[in-house]
Number of protein chains: 2
Amino acid sequence: MKDVAAAAGVSLKTVSRVVNGESNVNDDLRSAVLESIAELGFRRNASARDLRQGRSGTIGLLLEDVADPFYSMLSRAVEEVAREHGTMVFAGSSAEDPDRERDLALAFCERRVDGLIIVPAGTSHSYLLPEMRAGIPAVFVDRPPGDIEADMILTDNLGGSRRGVEHLLGHGHRRIGFIGDAPEIYTAGERLRGYREALESAGIAFSDDLVTQAPPSPTSTADALDRLLEGPSPATAVLCGNSRTTVSVLRELARRSARLALVGFDDVELGDLLQPGLTVVAQDPGAMGAAAARLLFQRIAGDTAGPTQTVTIGTRLIPRGSGELPAP
Amino acid sequence: MKDVAAAAGVSLKTVSRVVNGESNVNDDLRSAVLESIAELGFRRNASARDLRQGRSGTIGLLLEDVADPFYSMLSRAVEEVAREHGTMVFAGSSAEDPDRERDLALAFCERRVDGLIIVPAGTSHSYLLPEMRAGIPAVFVDRPPGDIEADMILTDNLGGSRRGVEHLLGHGHRRIGFIGDAPEIYTAGERLRGYREALESAGIAFSDDLVTQAPPSPTSTADALDRLLEGPSPATAVLCGNSRTTVSVLRELARRSARLALVGFDDVELGDLLQPGLTVVAQDPGAMGAAAARLLFQRIAGDTAGPTQTVTIGTRLIPRGSGELPAP
DNA sequence: CCGTGAGATGACAACGTTGTCAACGCTGTT
DNA sequence: AACAGCGTTGACAACGTTGTCATCTCACGG
């Protein structure tokens, strides 16, 4: 910038004004400056600007895994909203590791992001309190934060799960299994609650025998199906608590050539092309990301007065065949 | 930092030394400083550090679409390598729009990223020359840059496509169609070349009637299939030039209850669960991302002397059923 | 003809950090 | 006892930008 000023024969400040598109600059000077900028290939240094202005035009996005379709759609939605605000996005994957989550979040803060969007992996987020007090707003997505109050965007896990079970009940099933993720994961717990409530509302006793809670893996899935299908009155339907579980169950069912009515929580690409088509309770990761980003930018803009908000995004049941298999 | 220095009763520089883990600091002072840091909730300001040091510990990743599984896997691989280098990743989607690509790339440069990884959308990248001369290395992935020389990581599109066609030939097919993306997309062109070469090596005349080049959409796919299946000697097999096309073709085939031997270029989640399983020429987005990041960090580390490199990542043919349907 | 105000321009400090260099105290040698 | 050498510490400038404020020019009205 100094060089540009020298080349154009003006002061530093005038170059700054031109670069920032301020109106009160003489047209001749402006063109001289623009010419020098083009000639020298000048590009403003954002670090210096950030330092001076105390804000970075940057937000941090902390996901479980950037490569997971659910999060990558969420991520894209966040990016679009950020773009509208002239903001760039740092994205990082916590890999479900609380320490890594913390490191990433604090690294984002060190970079002086204007705000954070977090899919929490850990159960304690008090480490963010100093940062939030220092003016970095945080919005949590998909799962609530551990031990602090903050804005959240959640899926209607309970309602969606309930709806999925009711759908199976509506097709005559009475022995309905639930295979979900590890119980310490918030969404897994909520979805199990929905399953339970639906059964109870229908006057069906909840039975531990029909429930599996474990991270999806070929062996845990095989075990879960063994338990569901053994005994005198085997399950005739199952609700899968997340898409990885759903896929895992589908593979195992295919291997056994077994058939089971199935509703998956969270949609899966190509679900419509399977035989039968996969019935799902679809979440809307795009809507979640957009809602989170919008709320975050509202906070960044200074709307920091109100109480913390919780936005719940609804689910949509998409019948494609697997959930409509009748009970025998 | 000034406050920390005051609280600990030492100079600014000593705090700096402690924060940076330099060894030559008295243990008593060090603990005093650490204590003050904890007490005040101090976090180093990365903008100031970047400004002073002239580097940002940051790279820019420019993709077509963060939400596309291929790119999101690539993205995750880049993130992992960046993590090893203590570097954060800015990710942005060009949405296949050259202007948006340019804006994003230059915004990254303004942020003084240490390097760029780009999946190019546009055909001209000379706008990067000043930046590259200014010391920001760039690695192109999946497609070559437009009108500049630079490092690239490419899939073996030609070889993979050839291999896919040979696979179909091996199962007795002689009328093999090709449905690919718009011809101006580099990968689409290469894959068409591979298709052509495989046919020619087998002594089969190339026929325009069997080839469609268009962005995948329900109507273009329906048209393409119409053309393939009409006439006295319809196609008995098809090579799909990318995964969106593959999915689109699968949907259309399901709608028509038509059967066609099919090999898809690029893998698709759940391909193994379809009936028949989907045979694909699988790319390895993770390997591409990792290779790109590694090469980039090599360049960042100063290995800027050598000529530009082109790394070609091989493909893998995964037979699952659809590509092994015999010719009638 | 002078005073006033509006608009353009520039000088300068400040943002928070780190590299450079000088000063200091201590140990061990001559 | 003087001094070299080493390790620790701090003062200060610099990174590139922008906010503040002062200065300057010009037009206009009294």
Side-chain angles (χ1 to χ4, degrees), chain A residues 1-34 36-37 40-58 86 106-114 130-131 134-136, chain B residues 1-34 36-37 40-58 86 106-114 130-131 134-136:
Chain A
M1 190 144 136
K2 204 169 46 178
D3 300 337
V4 174
V10 299
S11 79
L12 257 178
K13 184 63 207 187
T14 300
V15 178
S16 171
R17 279 192 255 261
V18 171
V19 169
N20 290 297
E22 293 174 34
S23 56
N24 48 350
V25 179
N26 178 294
D27 280 346
D28 292 346
L29 289 192
R30 163 170 285 119
S31 22
V33 168
L34 288 176
S36 304
I37 286 179
L40 297 173
F42 165 80
R43 193 98 45 211
R44 176 175 58 196
N45 183 319
S47 302
R49 169 174 237 245
D50 294 350
L51 173 59
R52 184 60 233 249
Q53 300 198 324
R55 50 189 303 286
S56 65
T58 281
L106 292 180
F108 288 152
C109 290
E110 195 168 275
R111 289 238 136 68
R112 293 298 188 269
V113 292
D114 298 335
E131 316 297 335
I136 301 186
Chain B
M1 189 142 138
K2 204 170 44 179
D3 300 337
V4 174
V10 299
S11 78
L12 257 178
K13 184 64 207 185
T14 300
V15 178
S16 171
R17 280 192 255 261
V18 171
V19 170
N20 289 296
E22 293 174 33
S23 56
N24 48 350
V25 179
N26 180 293
D27 280 345
D28 292 347
L29 289 192
R30 160 169 288 118
S31 19
V33 168
L34 288 175
S36 303
I37 285 179
L40 297 174
F42 164 81
R43 193 98 46 211
R44 176 174 58 193
N45 182 321
S47 302
R49 170 176 236 245
D50 293 351
L51 174 60
R52 182 63 231 245
Q53 300 198 323
R55 51 184 302 287
S56 64
T58 281
L106 292 180
F108 288 153
C109 290
E110 195 167 276
R111 290 237 140 66
R112 293 299 188 271
V113 292
D114 298 335
E131 316 297 335
I136 301 185

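Hydrogens, waters and symmetry mates are skipped; everything else that's a heavy atom, side chains included, is used. Proteins get letters first, then strands, A, B, ... in listed order; numbering begins at 1 in each.
- Atom CG of B:N45 is separated from atom P of D:dT17 by 16 Å (rounded to the nearest Å).
- Between the base of D:dG16 and the side chain of A:K2 there is no donor-acceptor pair shorter than 3.5 Å.
- If you check distances only, the side chain of B:R52 never reaches the base of C:dT17 with a donor-acceptor pair under 3.5 Å.
- Residues B:D50 and B:R112 fail the side-chain proximity criterion, which asks for heavy atoms closer than 4.5 Å.
- In this structure, of D:dT18, D:dT17, C:dA8, it is C:dA8 that holds the atom nearest to the side chain of A:N26.
- Taking CG of A:L106 as the start and CZ of B:R44 as the end, the distance is 12.5 Å to the nearest 0.5 Å.
- Atom CG in A:N20 sits about 10 Å away from atom P in D:dT17, given to the nearest Å.
- Proximity note for B:L51 (side chain, C-beta onward) versus C:dT9, C:dG16, D:dT9: the nearest is C:dG16.
- A:D50 comes within contact range of no nucleotide atom at all, as no heavy-atom separation falls under 4.0 Å.
- Along DNA chain C, the nucleotide closest to B:S47 and the one closest to B:E22 are compared, and the more 5′ of them pairs with B:S47.
- Atom CZ in B:R49 sits roughly 14 Å away from atom C1' in D:dC15 (whole-Å rounding).
- Listed pair B:S11 / D:dT9 fails the phosphate criterion, with no side-chain N or O lying under 4.0 Å from OP1 or OP2.
- Minimum atom distance to the side chain of A:M1 is reached by D:dT18, of the listed D:dT18, C:dG10, D:dG16.
- Across the protein-nucleic acid pair, B:R112 atom CZ and D:dC15 atom P stand 14 Å apart, rounded to whole Å.
- Distances from the side chain of A:K13 to the nucleotides D:dT18, D:dG16, C:dT18 place D:dT18 closest.
- In this structure the side chain of A:M1 reaches within 4.5 angstrom of the side chain of A:L12, judged on heavy atoms.
- Atom CZ in B:R55 sits roughly 12 Å away from atom P in C:dT18 (whole-Å rounding).
- Side-chain contact check for A:N45 versus B:E110: every heavy-atom pair is 4.5 Å or farther apart.
- The residue B:S16 sits close to a base: some heavy atom pair falls under 4.0 Å.
- Counting non-hydrogen atoms under 4.0 angstrom, B:V19 reaches nothing in the nucleic acid.
- Atom C1' of nucleotide D:dT20 and atom CG of A:N24 are separated by 14 Å, given to the nearest angstrom.
- Taking only side-chain nitrogens and oxygens, A:Q53 never comes nearer than 4.0 Å to OP1 or OP2 of D:dT17.
- Counting only heavy atoms from C-beta outward, the side chains of B:V33 and B:V25 never approach each other to under 4.5 Å.
- Counting atom types as modelled, B:R17 pairs a side-chain N or O with a base atom of D:dG10 as donor and acceptor under 3.5 Å.
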